[in-house]
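Before any comments, here is the structure.
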2 protein chains.
Amino acid sequence: MIGMASRAESAAATRRALLDAAAELLDSGGPEAVTLRAVGARAGVTRGAPYGHFPDKDSLLTTIAAEALERLADDVEPVRTDPRMLAAEKLQRALAALMTIGRRQPHLYRLMFTSPVGDPAVVSAAVKAGDRAQGEFMAIVDDLVGGQDTRRFAALLLTSVHGITDMEVNGHLSEDKWHVTAEELVSTLVSMIDRQARGG
Amino acid sequence: MIGMASRAESAAATRRALLDAAAELLDSGGPEAVTLRAVGARAGVTRGAPYGHFPDKDSLLTTIAAEALERLADDVEPVRTDPRMLAAEKLQRALAALMTIGRRQPHLYRLMFTSPVGDPAVVSAAVKAGDRAQGEFMAIVDDLVGGQDTRRFAALLLTSVHGITDMEVNGHLSEDKWHVTAEELVSTLVSMIDRQARGG
DNA sequence: ATCATACAGTTGACACTGTCATCTGAGACG
DNA sequence: CGTCTCAGATGACAGTGTCAACTGTATGAT
């Protein structure tokens with residue numbers, strides 16, 4: 001570091017380094033690779049240091065999931081509020097953002113959709129972040145279907161796209177078995193919901 | 001045991017006891033509770049005994065998943081071949097069978113939809129079991145949609161219902177947030193697909 | 001400028017895990 | 001009856017999450 005930091009700043013930097021290190025280990029080696037010793041080493045500290053910033057390992061992982069959910073919400077928000085986009089296009093982009101996480105960071109994706117564990121405060125933060133991301137999706141769907149049965153269609157879309165992504169990530173959607181890509185499934189689903197919402 | 005067994009029979013019984021013990025521990029305490037020592041103890045044997053029947057812990061877990069998938073296929077098969085049922089009813093029952101596992105044995109459900117790990121032979125057996133279960137669903141959907149776009153609709157149904165179940169299991173589908181039950185979502189989905197398959 | 005304090009991070013220890021090499025004892029078979 | 005085979009027991013080892021005790025340094029009061 002060029003500008004040396006106050007103690008609080010330095011501690012915050014360590015906390016960030018721990019989160020980044022853990023996230024990197026998760027991405028590259030899966031949950032098995034995320035050991036407090038490895039996290040500490042990669043963050044330039046020792047195995048016990050994380051306990052100064054997180055109550056336990058579960059809370060560290062849950063915090064990573066919460067941050068990823070916040071990031072997702074941050075990515076979707078500008079799409080939702082963009083006045084130059086049609087609702088259908090907004091939805092397509094929002095869903096693509098979700099599926100991209102699944103493909104590029106499968107382990108992180110799993111973490112994001114697993115019930116959070118660890119310290120109650122951390123768990124509550126993760127739930128809040130998840131709610132925010134869900135809220136963004138719901139608002140876009142509401143725009144799309146015009147307020148009619150918003151929750152039902154939003155829930156159906158989100159759960160279905162999650163299922164598609166999750167099964168693809170776990171290798172249960174192999175191209176040569178189903179002769180269908182995840183994108184085709186999503187677009188089929190969206191067009192069906194679109195038709196259903198307009199029609200009767 | 002009343003009838004004392006030959007050595008081979010006794011070994012087979014131990015293997016079964018190990019699988020049952022592990023499955024019970026998984027159901028009641030989640031993956032964390034499934035330790036080889038606990039499994040051995042519950043099966044009346046010591047911590048090293050499982051290695052006489054399974055190459056490693058992953059293979060033991062994967063075998064449990066494979067058996068669950070076989071059981072699911074065994075449950076769906078008679079439904080599929082029942083000549084007195086309509087295709088729509090068959091589908092409803094098959095999907096209900098899947099969701100019931102998610103609700104009654106959430107940890108087992110997770111295991112069934114996670115990419116299998118462990119000994120190649122065991123993994124391959126699990127994949128085969130999964131394919132059989134998927135085949136049962138696909139056959140029912142084929143019956144329902146009349147051969148038109150079978151794979152597409154079957155894949156969409158299976159992935160969506162999995163997503164619904166998975167999110168419900170992980171607490172991301174709370175009633176007071178979405179105002180929708182999993183059943184409503186599934187029936188909406190099925191009726192949409194039904195309409196789509198008949199219509200244009 | 002000096003000193004006491006708070007606190008980030010280190011270190012040693014503990015119970016627990018999966019795994020393997022080795023050993024033991026009882027069923028299988030000549 | 002004697003030999004062999006193999007299911008299971010046992011001892012050991014490296015690696016894990018976790019905590020209590022310790023250390024050193026930036027902070028803030030005097």
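In this text, all values refer to a predicted model and were calculated from it rather than measured experimentally. Letters A, B, ... are given to chains in the order of the sequence lines, protein chains preceding strands, and every chain is numbered from 1.
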For A:Ala49, answer base if it contacts any base atom (sugar-phosphate contacts may also be present), sugar-phosphate if it contacts only those atoms, and nothing otherwise; contact means non-hydrogen atoms under 4.0 Å. base
How would you list all residue pairs meeting salt bridge (Lys or Arg N to Asp or Glu O under 4.0 Å) that involve residues 30-41 of chain B, not counting sequence neighbours? none
Can you give one letter per nucleotide of nucleotides 15-28 of chain C, 5' to 3': B if a protein heavy atom sits under 4.0 Å from the base, S if only from the sugar-phosphate, - if neither? --BBB------BSS
Using a distance-only test with no angle check, is there a side-chain donor-acceptor pair under 3.5 angstrom linking A:His162 and B:Asp166? yes
Contacts of B:Asp58 that satisfy salt bridge (charged side-chain N to carboxylate O under 4.0 Å, His left out) - sequence neighbours left out: none
Rounding to a whole Å, what distance do you find between B:Phe54:CZ and D:dA7:C1'? 14 Å
If the cut-off is 4.0 Å, is A:Thr14 near the phosphate of C:dG9, judged by side-chain N/O to OP1 or OP2? yes
Between atom CZ in B:Arg15 and atom P in D:dC6, what is the gap in whole Å? 18 Å
Nearest whole Å is fine: how far is D:dT16 C1' from A:Leu60 CG? 15 Å
Donor-acceptor side-chain pairing of A:Ser59 and A:Asp56 below 3.5 angstrom: yes
Whole Å only: how far is the CG atom of B:Leu18 from the P atom of D:dA7? 13 Å
Between A:Leu185 and A:Val161, is the side chain to side chain contact (heavy atoms under 4.5 Å, CB included) condition met? List the steps. CA-CA 9 Å; A:Leu185 291 181; A:Val161 172; over 6 Å; no
State whether the number of non-hydrogen atoms from other residues, nucleotides or ligands found under 6.0 Å of A:Arg132 atom CZ is greater than 12. yes
